[in-house]
Amino acid sequence: MSIDNVLTGHGLGIAVTGMTVVFAGLVLVSLYIRVLPRVLEEAGGLARRRRDRQATDSTVVPAALSSADPALLAAIGYVLQAEREHALALDDQRITLREDDEEQRVWTAIGKMRTLATRM
Amino acid sequence: MSIDNVLTGHGLGIAVTGMTVVFAGLVLVSLYIRVLPRVLEEAGGLARRRRDRQATDSTVVPAALSSADPALLAAIGYVLQAEREHALALDDQRITLREDDEEQRVWTAIGKMRTLATRM
Amino acid sequence: MSIDNVLTGHGLGIAVTGMTVVFAGLVLVSLYIRVLPRVLEEAGGLARRRRDRQATDSTVVPAALSSADPALLAAIGYVLQAEREHALALDDQRITLREDDEEQRVWTAIGKMRTLATRM
Amino acid sequence: MDILLEFLGQSGFANVTLGNLVMIAIGITFISLAIVKHYEPLLLVPIGFGAIVGNLAVAPGMSLSVYDEGSVLSYLYYGVSQGIYPPLIFLGIGAMTDFSTMLSNPKLVLLGAAAQVGIFLTLIGALYIGFTPAEAGAIGIIGGADGPTAIFLSAKLAPHLLGAIAISAYSYMALVPVIQPPIMKLLTTREERLIRMKAPRKVTTREKIMFPVGTLIICALIAPGSLVLIGMLMFGNLLKESGVTERLAQTARTGMIDIVTILLGFSVGASTQAQTFLTPQSIGIFALGAISFAIATAGGILAAKAMNLFLTEKINPLVGAAGVSAVPDSARVDQHVGQEEDPNNFLLMHAMAPNVAGVIGSAIAAGILWSVLVG
Amino acid sequence: MDILLEFLGQSGFANVTLGNLVMIAIGITFISLAIVKHYEPLLLVPIGFGAIVGNLAVAPGMSLSVYDEGSVLSYLYYGVSQGIYPPLIFLGIGAMTDFSTMLSNPKLVLLGAAAQVGIFLTLIGALYIGFTPAEAGAIGIIGGADGPTAIFLSAKLAPHLLGAIAISAYSYMALVPVIQPPIMKLLTTREERLIRMKAPRKVTTREKIMFPVGTLIICALIAPGSLVLIGMLMFGNLLKESGVTERLAQTARTGMIDIVTILLGFSVGASTQAQTFLTPQSIGIFALGAISFAIATAGGILAAKAMNLFLTEKINPLVGAAGVSAVPDSARVDQHVGQEEDPNNFLLMHAMAPNVAGVIGSAIAAGILWSVLVG
Amino acid sequence: MDILLEFLGQSGFANVTLGNLVMIAIGITFISLAIVKHYEPLLLVPIGFGAIVGNLAVAPGMSLSVYDEGSVLSYLYYGVSQGIYPPLIFLGIGAMTDFSTMLSNPKLVLLGAAAQVGIFLTLIGALYIGFTPAEAGAIGIIGGADGPTAIFLSAKLAPHLLGAIAISAYSYMALVPVIQPPIMKLLTTREERLIRMKAPRKVTTREKIMFPVGTLIICALIAPGSLVLIGMLMFGNLLKESGVTERLAQTARTGMIDIVTILLGFSVGASTQAQTFLTPQSIGIFALGAISFAIATAGGILAAKAMNLFLTEKINPLVGAAGVSAVPDSARVDQHVGQEEDPNNFLLMHAMAPNVAGVIGSAIAAGILWSVLVG
Ligand code: NA
Ligand code: NA
Ligand code: NA
């Protein structure tokens, strides 16, 4: 047990380097996710029209409720949770056929294709 | 880039051999599946009696409907599809105990065996 | 084919050793499971109070029914089986959050945590 | 044209032997039995199809078969040849097995020990015929009526016989409903077959949790060679019974065991190439395997009759036959034979006790044979 | 301070090249196409993300990339480089494919053979450009429009080109809805595209069970190199159709194929490091790949037209284009193009027959190329 | 008789040491804690049972333990010793983690960085005690409170300490509800613990999709050694969020992670043989591990307090403690301690942000240590 071990092992240098790089990394991630919504907002004109149908909001509890009655919160949370799980269960069954149009109903009619749909 | 490369590499020979063998293979497969139902028909006397319960038809849309109203087709297809998926979901739960008789009901009564049923 | 092969191969010694050890092992297992309930009974004072809610009985058909009408047995077995499978299906969804208190309802309310709950 | 001729020289038509065709026919037979008779389909279908594939893997100069280095089949077979798949199968079996009946019937455990006599008498028979001690041990284990255990031990003691031993073990396991009833009827009286047994007592969750841990320690101390098989079996069972690891148990008993079963069955089947499989040795192995099953069945029944000499609450000796393992077919056969005499006699839950005990017994026997006969 | 500087010298900022950035951009493009256009998302997302990871794996002195011995990525890539993943994918595909339409339309099988002409003409083209025969064979297989088959053959014949061939194959498979329609319209008349085909007959369970066994035997006899791919495809299908192994089929078509797809896609993507990927060869491979798809499409269509010369019940030549495989996109494209002329013409079920026949055809072609060109 | 005696000489009774019995007792304790206290059962049950198995694997001359070449356990352990399992676990975690709270709280990410100070101060402490730099780095990572990351780095830097480091990391992660609260109360005032935080904003699907790609690129550029761990974490998350690969995400977060968890936990447990585990070094590692967790907790809390000096919307410093990772126990502890002061204060969703950021932070730290300290 000796401080020499620390010095010989470059302990301080490694620690300083390490914390510097960890902070640098997470600061960059932090900046990235801070900037992301604005960039998407601005760049999003085209994409938004294309994908409006898909962009669903996350299930974060809205601000107005954050200080509300906990029982209410619990109830809302439960419903969100349940719906999400339901959706997940359905997702599980979903396949990768394009779901966007008329066409789809026809595929379904054939009743043959489903199993092939996830093929490589 | 030169035709010599093709000749040196036996390109033509390989291509001819390849297409010949691919065609030979798929012609044989084609003949096999063409002959199969007739062979089964003829050889099937014994087997048919034994397995009548099992031999269910595939869900191909019958000929008479092929030029029918597409909405009707779609509806039939949907039902077939749904039933098939339902069957599949059940299958998933099925185990490999013989399902053929009285005996079975007793096993079920015990309520112990199920998990062991698929044992090696 | 000769009895010499058996002698040279120590066949009898292996067989005697083998059966001795197999019996020794299963006799010990037999004693262990015979002694187990009594040991648990005696040592169980503290543990029992702590875990009373959990200790559910196995689904073995109770003695009184063992010579009862087989149809009744079958019916009971079926219900037990069905309930058990239902429980299993639910289990499948269960996660490893502690399920023991008030606290839990709050987690549920958040509706965010579930997916992380089984994290390493 | 040269290329076409050369190619045809490599094709199956030029290289498949009569032996291969025989094996392909056997593979088709396995598949048919599984589909028509519902004999162990989860194993006979993969093994049968694997046998077809393995006996078509005969092109000279191409790395195809399980025995060719670097072939895909050789990678899949690695889990067999190194004994990795059997413990993983046992993990899944542990996660699907309810040991309650055994826990409530400790004395029936002994029947699972008695049935292992088939293993050791067969070993002597195999030595007599001229097999080496290691080979004889691997052949004897067929009498354990437990596929994964047989594969595990063969991989250690006699890898060159693995295919024949595995096929023999699974064949007779599939044929348990054919093999056992005559022996059961021969060795028991009608009065014995009519014995009704007392319903088992309730088993607590705590017992079920402590069972796998204690059993592992006992078995591994007494027969270290059984550590991996029994360790995995009990690990799976603990995952099932702990109440807090259900999602792991669920995966172990569904996706995981299914994947391993597919790979194990297919690659064991693919290892049965006629060139290495159709030998006089294999015929000897099949003959010994049949004897082994018969002796094991008799051992269990006679042990039950012997125990009855000392017990006031008699055991129905039919349940002794379940000690061979072959879970759960063997226990179902007991039930069936018992009901031929008395349709209201439900032996199944009693037969499950020696049945699962037989699995443990065979694994211990395999551990002993491994440590005595290896190297 | 020295440590910080030294560390920075190892960091990505110092080592990522322009080529890596290009590949990262390609990876992002793949992911975007999958999400926005829904092109083959189960493959493009893993491949795209893998390409990003692989092109960030450039720190000198650290074992990171698929090409560095002992790295995690190298272990995951092992299943690609040894050709293990593709047969396992085929197992799952077999377990999810219903061959009914093909069984009821035997003559349409030939269209799946005709489309393989793309493979062999591309091989000639690749030889012409200057690739070695083995390389040319691996490149030709892009025209098979079958990812696992392309990876399997490349791993055997030209492992150094595997990344480019796989990416090319999957790219064009994703682009089938863009590539095929113009060719289809060019080679067919409006009258031909209006042809309605007779509905297929019923197929019995027994036919479905006997199909995989017979097909395996035929294909493996005629082209032993296709044994593993077709063996696994038919094994999966037998598990599905046998009626007694549904739990194995279910696992093969869900958990098992998903796991393999994740590992295969990700590690193929990660193998596309700019240092080995951005070469003139890759450009040649992409160009040849496009030609290959076009020829294959034309081959299928022209074969249908040729067959119509002899048939009384005409085939709609559009379904010939499905012979390239790219299941099921290619069959859907046929349906779509057909409905542009006649919205009540349902070609899809007819197109599935050459579509799945094309999978078998490509696997046979791969088997031939492997045995002719290896070593 | 000789055979019986010889066999007994190999049996566990003759070879199990007192140390093995101690380890078996520890294994049983782990299982008990998991079942009774519900501490991290998905890991403590496999590790505990593995420890029992590993300490019974002591028969001389038999290939049983994870350290014996060719043993089944050694094959299962390969995924640990080569660092393959941890990234696959991360894949599953990514596929089950919702990063929404973090995306809506970018500044809380910094708390996940601050908590990594525990890693580096522990490294200095380990050097001081006399461990080599590589060993010290592996020990420090215990403070990352992340099992897979700890195993991954130990496998690279100090494989001989892997068992002790992994057990230490998982033990303290299980004990987070015991370790953290006193430190949290010590370092915060009642007023601070009462701070309510603004509800997070909504996060769009597009943000969630772009997050994993951008984060991977940033982290891998700045610390290439974190590529595999963060790459897999983000890959899993992209599969989850892309909306087109849900079936892959579903498998990654269920069957796949379960299989890997079973194998990882069991084989890590089995590696803790008394002969290599019960050493003075292990005691040092456990002591340093406890210090590491305490420092990390303090680091996160103090960083939150420091940030509050500059922020108008104050952070509740309790959420800083979640920066250690130990997801999600640590975040739940924050919630719990916060509610002791104000039952209507819901900190959990806020605590999840530093919690998941801490996972990324630890992976970056592991990447740095790997590249700085490796051979
Ligand atoms: Na047995
Ligand atoms: Na094709
Ligand atoms: Na951390």
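All chains are named by letter (A, B, ...) in the order of the sequence lines, taking the proteins before the strands, and each is independently numbered beginning at 1. Reckoned from all heavy atoms, side chains included, excluding hydrogens, waters and symmetry mates. Remember, predicted model here, so these are calculated numbers, not experimental data.
Taking the side chain as every heavy atom from C-beta outward, Val244(E) and Tyr39(D) never approach each other to under 4.5 Å. With contacts defined as side-chain heavy-atom distances shorter than 4.5 Å, the pair Leu88(E)/Val72(D) does not qualify. For the pair Phe266(D)/Leu91(E), no side-chain contact is recorded, criterion being any heavy-atom separation below 4.5 Å from C-beta on. Proximity of Pro46(D) to Leu248(E): side-chain heavy atoms (C-beta onward) are separated by under 4.5 Å at one or more points. Residues Met256(E) and Leu263(D) form a side-chain contact, since some pair of their non-hydrogen atoms from C-beta on lies under 4.5 Å apart. Between Thr254(D) and Thr251(E), every side-chain heavy-atom pair lies at or beyond the 4.5 Å cut-off. Annotation: side chain of Glu241(E) is not in contact with side chain of Ile35(D) (no heavy-atom distance under 4.5 Å). Counting only heavy atoms from C-beta outward, the side chains of Leu56(D) and Pro224(E) never approach each other to under 4.5 Å.
To the nearest 0.5 angstrom, Ile84(E) atom CD1 is 8.0 Å from Ser74(D) atom OG. Of the inter-residue distances, the one linking Phe49(D) atom CZ with Leu239(E) atom CG reads 8.5 Å to the nearest 0.5 angstrom. Rounded to the nearest 0.5 angstrom, Met210(E) CE and Ser32(D) OG are separated by 8.0 Å. Between Glu246(E) atom CD and Leu42(D) atom CG the span is 11.0 Å, to the nearest 0.5 Å. Distance check: Leu64(D) CG to Trp370(E) CH2 gives 4.5 Å after rounding to the nearest 0.5 Å.
Only the side chain of Leu238(E) comes within less than 4.5 Å of a heavy atom in chain D; its backbone stays farther off. For Tyr78(E), the part lying under 4.5 angstrom from a heavy atom of chain D is the side chain only. Residue Ile368(E) touches chain D through both its backbone and its side chain, counting heavy-atom pairs closer than 4.5 Å. At a 4.5 Å heavy-atom cutoff, the contact between Met232(E) and chain D is made by side-chain atoms alone.
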Intermediate values then yes/no, side-chain contact (heavy atoms from CB on, under 4.5 Å), Thr261(D) and Arg247(E): CA-CA 11 Å; Thr261(D) 300; Arg247(E) 67 171 286 169; over 6 Å; no
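With Ile24(D) as the partner, the side-chain contact (heavy atoms from CB on, under 4.5 Å) test is satisfied by one option alone out of Leu216(E), Val213(E), Ile217(E): Ile217(E).
Listed options Ala220(E), Gly255(E), Ser371(E) were ranked by heavy-atom pairs under 4.5 angstrom with chain D; first place goes to Ser371(E). Most heavy-atom pairs under 4.5 Å with chain E, from the set Ile31(D), Asp258(D), Val53(D): that is Asp258(D).
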